[in-house]
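Worksheet: the structure to be examined is printed underneath.
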Amino acid sequence: MFHKIADRFGIGIAIVALFIFLSVSSPHFLDIANLLNILLQVSISTIIAVGMTFVILTSGIDLSVGPLTAFSSVIIGLTLHLDIGIGIPILSGILVGALLGFMNGILIAKLKIPAFIATLGMMSVARGAALFITNGQTIHMFPSEFRFISAGNLMSIPIPVIYAFVVVMIAIFILNYTKFGRHIYAIGGNKEAARLSGINVKSVETWAYIICGITCGIGAVILTGRLNAAQPIAGIGYELDAIAAVIIGGTSLNGGEGSIGGTLMGAILIGMLRNGLNLLNVSPFLQQIVIGAVIVSAVFFDQYRRSKKDSSAAKGLNRPSQAVGATKPYQ
Amino acid sequence: MFHKIADRFGIGIAIVALFIFLSVSSPHFLDIANLLNILLQVSISTIIAVGMTFVILTSGIDLSVGPLTAFSSVIIGLTLHLDIGIGIPILSGILVGALLGFMNGILIAKLKIPAFIATLGMMSVARGAALFITNGQTIHMFPSEFRFISAGNLMSIPIPVIYAFVVVMIAIFILNYTKFGRHIYAIGGNKEAARLSGINVKSVETWAYIICGITCGIGAVILTGRLNAAQPIAGIGYELDAIAAVIIGGTSLNGGEGSIGGTLMGAILIGMLRNGLNLLNVSPFLQQIVIGAVIVSAVFFDQYRRSKKDSSAAKGLNRPSQAVGATKPYQ
Amino acid sequence: GSSGSDKPAAKADKKELKIGFVMKTLSNPFFISMEKGAQKAGKELGVKLEVQVGQEETSIEQQIAIVENMIATKVDAICIAPGGSKEIVPVLKKAQDAGIPIINIDNRIDGDAAKAAGLKPIPYVGASNIDGGYLAGKYLAEQLKGKGKVAIIEGIQGVDNAEGRKNGAEKAFAEYKDIQIVASQSANWKTEEGLNVMTNILQANPDLNGVFCANDMMAFGAIQAIDGVGKSGKIIVTAYDALDQAKVYIKEGKMASTVDQKPDDQGYYGVKYAVDLINKKEVPMEYMVKLENITK
Amino acid sequence: MDHEVILRMQDINKAFPGVQALDHINFELRKGEVHCLLGENGAGKSTLIKIMSGAHQKDSGTVLLYGKEVDIKNAHISRDLGISTIYQEMSLIPGMSVAENIFLGEEIVKSPFYIVDKEKMEKQAEEIFREMNIDINPKRLVKEMSTAQQQMVEIARSLVKKRQIIIMDEPTSSISDKDTHELFRIIHKLKSQGVAIIYISHRLQELSEIVDRITVMRDGQDIGTVNMKDVTIDQLITMMVGRTLEKMDKPVRDHIGEVLLEVKNISWGNVVQNASFILRKGEILGFAGLVGAGRSELMRLLFGAEKMDAGRILLQGAQVEIHSPIQAIGHGIGYLSEDRKRDGLVLSMGIDQNITMANLPRVCNGFFLSRKKEQLEAKNSVQALNVATNSIHKLVKFLSGGNQQKVIIGKWLLTDCQILIFDEPTRGIDVGARAEIYKLMNGLAQLGKSIIMVSSDLPEIIRVSNRVIVMNQGRISGEFENDGTITQEGIMPLMLGGVGNVS
Ligand SMILES: Nc1ncnc2c1ncn2[C@@H]1O[C@H](COP(=O)(O)OP(=O)(O)OP(=O)(O)O)[C@@H](O)[C@H]1O
Ligand SMILES: Nc1ncnc2c1ncn2[C@@H]1O[C@H](COP(=O)(O)OP(=O)(O)OP(=O)(O)O)[C@@H](O)[C@H]1O
Ligand SMILES: [Mg+2]
Ligand SMILES: [Mg+2]
């Protein structure tokens with residue numbers, strides 16, 4: 001069973017190894033409270049990494065997730081202060097994320113601007129806009145209902161963790177069980193073949209960016225609640241975290257191959273690492289060194305294991321038979 | 001003549017437009033001193049973007065250029081304070097850059113770790129190491145010979161500009177006129193084909209990262225001289241600047257196509273924009289919006305112009321372009 | 001994991017006390033000095049410090065995570081320089097609820113936010129950025145005899161201390177009718193950007209008389225820029241943080257002043273009062289380190 | 001001819017994940033012979049030659065060159081041993097010039113600094129092309145050239161330096177008859193100079209012109225080596241497929257119905273000029289022409305993959321707008337592109353997912369994909385088309401060419417298109433699979449579907465089509481009803497530029 005999971009998401013082994021190591025070396029690591037902490041701390045980055053997975057699967061990239069989150073957060077903050085309840089602010093934050101994602105999509109799918117440049121530009125524009133409309137000031141203090149719904153606890157489970165779980169589930173579902181999801185993979189695998197098979201490449205691509213924007217909006221809701229503040233400078237470095245989670249999870253930057261499950265593992269690996277280093281009170285300078293080294297080694301062992309597996313399987317003599325139907329778990 | 005240049009480096013038109021705009025709107029822009037300023041201010045980023053061009057041409061990426069520069073700078077600073085002259089410090093700074101680049105190369109070419117992850121790891125490790133060996137402190141005050149040779153003026157031309165010029169020239173020469181340079185393009189164009197042509201792909205790829213590391217080392221020499229300080233936290237955001245310059249200059253993130261000339265233009269565009277916005281004392285919030293918008297528009301017009309040109313030329317001409325290399329047999 | 005079995009050593013004197021010391025970053029010498037002061041106090045008082053920082057000054061989320069982790073590891077007290085004065089409140093409430101005493105240093109926790117969250121009063125050790133900015137601005141204006149063109153090089157926009165210092169300086173300049181602010185640009189706390197931005201400001205304003213840099217790091221860049229146009233000493237530079245190197249430049253006449261927020265004192269008293277809190281001794285609700293404008 | 005053995009491969013084994021590609025293979029190559037490797041798709045031919053060229057490493061076995069054991073660790077070593085290779089998968093660098101591609105890896109350099117001597121390389125390239133009797137500018141970028149020209153560049157690459165062994169893996173699959181002719185002339189010349197050539201092709205007809213000996217492979221094993229002059233093609237086929245193939249039926253004509261599609265005056269630059277034709281229900285319409293005649297482009301325009309400059313399309317008498325493949329598919333038109341890896345398949349996906357890609361709604365329950373339905377459809381297709389695979393989830397990149405082609409056919413069959421355009425459906429496909437594809441097309445036509453088949457293989461066109469349209473330089477230059485009287489000789493002149501009986 002475990003073997004199977006590790007097989008599907010190679011990085012699983014690294015996570016388990018790290019988990020065991022941290023359990024042994026820190027007495028606090030295994031506390032339920034701490035494990036929930038880890039999940040809470042990775043909830044935002046997981047959600048955004050899910051959106052990023054859609055984008056990267058189409059062989060794109062989104063550098064603007066940090067500023068998108070900040071901008072959404074600022075919008076949420078401003079509308080919350082209008083005293084119109086919490087529904088509209090939450091909705092408008094998510095919609096604003098979707099809108100900016102849509103703009104990314106148009107630039108990339110329709111105007112054919114390389115995703116790197118388009119989203120780099122958006123990164124700069126959205127950040128500037130967030131600073132501009134707030135005049136650089138953080139917006140503070142929100143109603144407690146909002147704080148509860150975005151970052152409270154439900155029977156001692158942090159609500160952001162629940163959101164992350166739901167987002168992950170929906171994403172897995174979309175990617176594996178809908179037409180749209182299949183089209184995402186097809187486009188990333190071979191854009192021209194997808195186009196000639198009657199897939200509306202532009203629209204699917206645009207939607208990938210919209211989805212990424214929506215995840216930023218959801219991330220912004222949680223962030224705003226967690227901080228009880230909307231900061232125009234929030235989300236610095238989110239793009240690297242999200243992309244790293246996606247790639248550690250085995251999704252290829254070339255698109256077409258990868259899974260949400262992998263991304264989740266990637267995000268958890270990073271979060272667990274940061275948490276563990278805090279718990280072990282590793283010096284901040286060394287922490288950076290360790291984080292870098294662990295990420296690289298985790299991916300290295302994953303690669304290594306896969307290449308081993310390939311070559312050992314090859315020794316088996318099975319020649320292609322005409323027989324069809326050996327049902328294998330999808331993907 | 002100009003037409004030809006604009007053709008080769010599409011972004012030239014955007015640069016000219018921006019140049020004209022700034023000349024008209026700021027009385028100080030056209031001063032020789034200011035133009036030299038711009039060149040001076042882009043010298044480091046140009047040099048590093050040149051190294052990045054090598055890497056991206058092989059279809060790789062190097063996220064670690066900022067921390068590599070910081071680490072080199074710190075090494076230079078520490079050795080300068082040993083009072084052993086300025087030759088050895090300069091050399092060791094550049095060698096350290098080369099060494100870290102070599103490590104990137106090994107991780108990527110030999111251990112097959114995706115470039116994004118390998119250099120992301122290096123980014124974290126090198127930054128941590130730079131902070132660690134300096135204990136986070138900046139190293140100050142260096143001999144005036146060093147400051148002259150790294151950042152002085154030669155007949156009122158800033159020496160860093162000369163270095164940048166020399167680096168650009170050497171890079172153009174290497175990429176266009178040497179076997180190694182051609183192999184860089186070949187690898188980026190079709191790695192498998194290059195391998196089957198007997199090219200030592202691993203070695204060429206590794207060298208691309210070494211070169212990138214060397215340019216970081218050279219950048220570090222200039223930076224250390226210009227600041228008269230060696231900071232472990234220098235170079236934050238360099239990677240985005242360098243990659244942006246390369247891509248604005250028309251090099252494809254997929255590798256195989258692009259030029260140093262384009263990269264130079266890209267770096268100058270960014271530098272000119274920043275300088276102009278400072279001269280015009282544009283509010284810092286707006287600056288970000290403007291920078292993002294200008295970069296995206298510049299690339300958009302470049303794309304647009306090219307597509308116009310293409311469609312007016314023989315139909316069908318660009319269809320088979322993906323014919324070769326697009327087929328990656330058995331991945 | 002059977003870590004829950006041993007009860008939290010409720011301030012047992014025998015057990016070494018663990019104090020969580022949270023700062024914004026360690027990539028700024030200011031915080032390194034602060035840490036030194038804290039370590040000094042730690043050594044004197046025989047307590048163990050767990051020093052944790054975010055990746056960057058703006059990484060407030062990471063600070064929150066750090067505090068959450070400290071609650072999990074059951075530190076005996078937390079001494080924190082918050083990356084955001086209000087953002088940090090919710091997690092500090094959690095810490096208080098877990099019975100962990102808190103000392104606030106450097107950046108002051110927002111009073112309204114604290115009250116709204118039901119936070120018990122938290123002692124504060126620190127200094128006012130607005131006052132410091134005012135001090136530096138005033139000194140610059142005085143040096144210029146109340147007349148001239150000045151520039152401000154700001155820190156990262158939207159960050160409390162950056163805004164405070166800028167606002168303080170602007171307040172001082174406003175008191176002199178012949179002082180004109182000709183440029184106000186951000187260099188994101190960075191030396192290299194300070195150099196480039198200052199160069200460009202000088203280009204647009206060749207007749208600039210003085211500049212206030214919101215931290216020393218940016219001032220170091222600005223000094224190189226001024227050197228570059230051969231106006232060393234002619235353009236007056238005032239800055240903030242009192243780094244050692246700044247004092248060197250002041251001695252050389254390249255810089256006029258730098259505001260000393262005494263980060264080492266902040267760190268020292270932060271830890272000291274944290275230990276006092278653990279030992280149920282009384283501590284002042286506010287201890288302001290004395291700001292000092294260091295000049296030649 | 002002396003019979004000195006240059007290369008001997010003994011007991012070679014090579015496995016890929018899930019496949020024993022080479023199973024105790026023995027092979028020998030003599031000086032000055034043209035030795036053909038023959039076998040069905042996936043038999044292991046390319047794998048065998050890739051071991052000689054250093055692209056793959058054998059798992060076990062020995063390779064002897066002039067009696068001495070050699071270890072060919074990489075492509076460089078292979079070349080130094082005097083072996084040059086033309087790969088089946090094009091291996092050119094698109095962004096580089098022809099001359100640079102030809103000399104890739106062994107560039108000519110000059111002093112100072114060992115800089116690459118472009119002029120000299122271009123001059124030598126020009127000489128090679130002159131010798132090959134074709135007109136290619138060595139300065140041109142490879143990406144700007146047609147597939148056929150690129151293939152000629154590949155061939156030129158192997159002639160740069162004198163080698164003892166030249167390996168050619170399907171060199172003629174995408175070049176014109178004229179170029180094929182030139183290639184054969186060169187092969188004869190090389191042979192007379194004592195060069196040994198390993199030649200792989202699925203075009204059995206051409207073998208007798210050049211081949212001396214043949215080694216037949218099947219399922220990774222060598223079935224035997226024979227002299228060309230001792231065997232007939234039918235015997236070879238039997239060796240390859242392990243059974244005798246049934247004879248191909250003549251095209252049936254009695255089910256052809258009314259006019260379904262009318263194409264009027266389509267133009268696109270000078271690639272397609274004023275092309276008009278009709279297609280009837282249940283008909284197989286062949287498009288003949290030289291490589292580069294504009295057939296593929298015409299089909300792509302019809303399919304909406306490119307936007308036409310002028311022209312109209314009528315379906316059952318009513319004009320339709322087709323500006324994108326989506327619209328084309330909506331009108332019941334499907335297109336099997338000529339380059340299956342570039343335009344047809346998503347290599348990183350499984351067989352099942354490729355098959356359902358163009359018609360996902362068919363395997364959906366409302367909004368949701370039904371895995372069950374998908375597997376059922378895929379299984380049916382795979383069985384109906386006889387795709388050789390052990391699982392419908394197998395990634396298509398691990399299938400051999402013929403089986404990949406069948407997957408694409410399966411994809412379009414699932415769309416229920418009334419009009420199917422097959423562009424070079426049998427390129428690189430073995431005889432067995434070919435026969436299956438013909439049978440399939442016939443079956444589809446009898447079901448009332450209309451088929452357009454573009455092919456550069458004239459015998460194939462004549463065998464399969466009910467009617468033949470000939471194109472030359474972007475124009476339709478002739479049309480024939482295939483009443484059993486048309487011959488290659490009759491069509492050829494129109495392909496080359498004559499004017500025919502346009503009806
Ligand atoms: N790199 C690879 N990875 C996995 N399987 C492979 C690889 N290369 C070849 N194969 C498999 O090995 C077998 C032999 O393939 P090979 O390419 O040698 O066939 P071939 O005889 O050249 O066929 P064709 O006529 O279609 O070119 C096939 O089953 C193929 O799927
Ligand atoms: N990259 C290119 N550069 C120049 N001309 C091209 C290019 N691609 C196609 N052409 C030209 O376009 C015309 C039509 O090509 P098309 O591919 O449609 O021909 P075809 O008859 O289908 O032949 P093929 O068998 O090569 O597919 C030819 O004149 C060809 O030379
Ligand atoms: Mg083959
Ligand atoms: Mg064609």
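Lettering of chains follows the sequences in order, A, B, ..., and the numbering in each one begins at 1.
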Practice task
With rounding to the nearest 0.5 Å, note down the distance linking CD in D/E374 to OH in A/Y177.
Solution key: 10.5 Å

Practice task
State the CG-CD distance between D/L347 and A/E257, to the nearest 0.5 angstrom.
Solution key: 9.5 Å

Handout entry: Flag, side chain of A/N190 to backbone of D/S348, donor-acceptor distance under 3.5 Å
Key = no

Exercise for the section: For the pair D/R342 (side chain) and A/E192 (backbone), establish whether a donor and an acceptor sit closer than 3.5 Å, ignoring hydrogens and angles. Expected result: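 Side chain of D/R342 to backbone of A/E192, a donor-acceptor pair under 3.5 Å: no, none is there.
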
Exercise for the section: Pick one of side chain, backbone, both or neither for A/F173, based on which atoms fall under 4.5 Å of a heavy atom in chain D. Expected result: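 When you check distances to chain D, only side chain atoms of A/F173 fall under 4.5 Å.
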
Practice task
Check whether D/T415 gets within reach of chain A through its side chain, its backbone, both or neither, counting any heavy atom under 4.5 Å.
Solution key: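 Contact with chain A involves no heavy atom of D/T415 at all.
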
Handout entry: Contact origin within D/K411 toward chain A - heavy atom pairs under 4.5 Å
Key = side chain

Exercise for the section: Kindly check if the number of other-residue, nucleotide or ligand heavy atoms within 6.0 Å of CZ (A/F300) is above 12? Expected result: yes

Problem - Other residues, nucleotides, ligands: >12 heavy atoms within 6.0 Å of D/K373 NZ - result: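 Above 12, so yes.
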
Exercise for the section: For chain D, find which of A/G198, A/A194, A/G189 contributes the most heavy-atom pairs closer than 4.5 angstrom. Expected result: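 Heavy-atom pair counts peak at A/G198.
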
So which heavy atom on [X] is nearest to which on [Y], and how close?
X      : Y      : result
D/M357 : A/S197 : CE-OG, 3.0 Å
D/M349 : A/A186 : CE-N, 3.3 Å
D/G304 : A/R195 : O-NH1, 4.4 Å

Heavy atoms only, distances under 4.5 angstrom: which of [options] has the most pairs with chain A? Name it, please.
options                       : value
D/L345, D/L369, D/N354        : D/L369
D/S324, D/P361, D/A328        : D/P361
D/G42, D/G330, D/A358, D/S370 : D/A358
D/G344, D/A305, D/G334        : D/A305

Practice task
Determine whether A/N176 and D/R371 make a side-chain contact, defined as any pair of heavy atoms from C-beta on separated by less than 4.5 Å.
Solution key: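 Yes, at least one pair of side-chain atoms sits under 4.5 Å.
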
Practice task
For the residue pair D/R300 and A/L196, establish whether any side-chain heavy-atom pair is separated by less than 4.5 Å.
Solution key: yes

